[in-house]
S.K.: 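Have a look at the structure that comes next, please.
Predicted, not measured: the structure shown is a model, and the values here were computed from it. Each chain gets a letter, A, B and so on, in the order the sequences are listed, and its residues count up from 1.
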There are 2 protein chains.
Amino acid sequence: MSKALSHPEAEAIDLSAVLDALRDPIRRAIVLMVAEQGEKRCSSFLCCTTKTNLTYHVARLREAGVVRVRIEGPSRIVSLRRDDLEGRFPGLLDAVLAGARQDPPLARLVEDA
Amino acid sequence: MSKALSHPEAEAIDLSAVLDALRDPIRRAIVLMVAEQGEKRCSSFLCCTTKTNLTYHVARLREAGVVRVRIEGPSRIVSLRRDDLEGRFPGLLDAVLAGARQDPPLARLVEDA
DNA sequence: GGACTAGTTCAACATTCGTTGGACTACGGA
DNA sequence: TCCGTAGTCCAACGAATGTTGAACTAGTCC
């Protein structure tokens, strides 16, 4: 186990930060993929953007408390903090995910992955 | 000045734009006030920030499709597009409003107004 | 008309955001 | 140990964001 990545506590998840994280289509695509297909490696999202940029977006989702990232060998495994979000902002995640599914280009991105 | 301010059609309301609009605490305070107390004049929100800045934030809410602004004499009346939002992104607005109510400084701002 | 109220517009500015390329570290297998 | 894979870090850059003050317009009331 190398170093642990920092995540906000469930109670410390901030609404501004969550909305900010979910506002970006790339980040919403990542969240939607993880929501539909379960936890995934960072490299699964390379369809959306470049490696460097992915690090940036995943970090934003992690720092906002939307996803959890754990290190497994050479990979980072991204999972959704569904219960933490539901506990703090009931209905919010599902509403955003439903909205994201309505977005054709975004939904196509998720299918292709 | 022309009588009609531009608003997106209900079907054209974009998720990124809505999340973007609701991400800012000042804008969330405005939305919460209108949600709790019904339609209000722009000047009602002067507790939150300056006149100029208010014009900016109200315009962002309007352009995102979150609020409707109509001109009544010398005033602008701001109202929430609750049904349009609910139709497009069910549950989203209520989840955000519930989250906003949990935020003590923001809730206090709304009470004082 | 003149004063008053309500809000807009404009230019300026600092800050943050999203993106990129290149160099870098960490892990696992041959 | 060298190699390929997985991802990070850093510096840079343009674009968007949030804020401000001063000047402006538009409507109301005397």
S.K.: Examine D/dT17: is either OP1 or OP2 under 4.0 Å from a nitrogen or oxygen in the side chain of B/Arg23? Give yes or no.
M.R.: no
S.K.: A/Thr52 near the nucleic acid: base, sugar-phosphate alone, or nothing, with a heavy-atom cut-off under 4.0 Å?
M.R.: base
S.K.: Would you please confirm or rule out a distance under 4.0 Å between OP1 or OP2 of C/dG18 and any side-chain N or O of A/Thr49?
M.R.: no
S.K.: I want to check something: taking the side chain as every heavy atom from C-beta on, are B/Leu32 and B/Val96 in contact at a cut-off of under 4.5 Å?
M.R.: no
S.K.: Side-chain N or O of A/Thr50 less than 4.0 angstrom from OP1 or OP2 on C/dT19?
M.R.: no
S.K.: May I ask you to evaluate whether A/Asn53 reaches the phosphate of C/dT19, defined as a side-chain N or O under 4.0 Å from OP1 or OP2?
M.R.: yes
S.K.: Which is true for A/Ile26 with a 4.0 Å heavy-atom rule: it touches a base, it touches only sugar-phosphate, or it touches nothing?
M.R.: sugar-phosphate
S.K.: Please examine the side chains of B/His57 and B/Cys48, heavy atoms only from C-beta on, and report whether any two atoms are closer than 4.5 Å.
M.R.: no
S.K.: Taking only N and O in the side chain of A/Arg41, is any of them less than 4.0 Å away from OP1 or OP2 of D/dG7?
M.R.: no
S.K.: Indicate yes or no: at least one non-hydrogen side-chain atom of A/Glu86 is less than 4.5 angstrom from one of A/Leu92.
M.R.: no
S.K.: Think A/Thr55 has a side-chain N or O under 4.0 angstrom from the OP1 or OP2 of D/dG7?
M.R.: no
S.K.: Is the phosphate of D/dT17, meaning OP1 or OP2, less than 4.0 Å from a side-chain N or O of B/Arg60?
M.R.: yes
S.K.: Strictly below 4.0 Å, N to O, side chains only: are B/Asp94 and B/Arg101 in salt-bridge contact?
M.R.: no
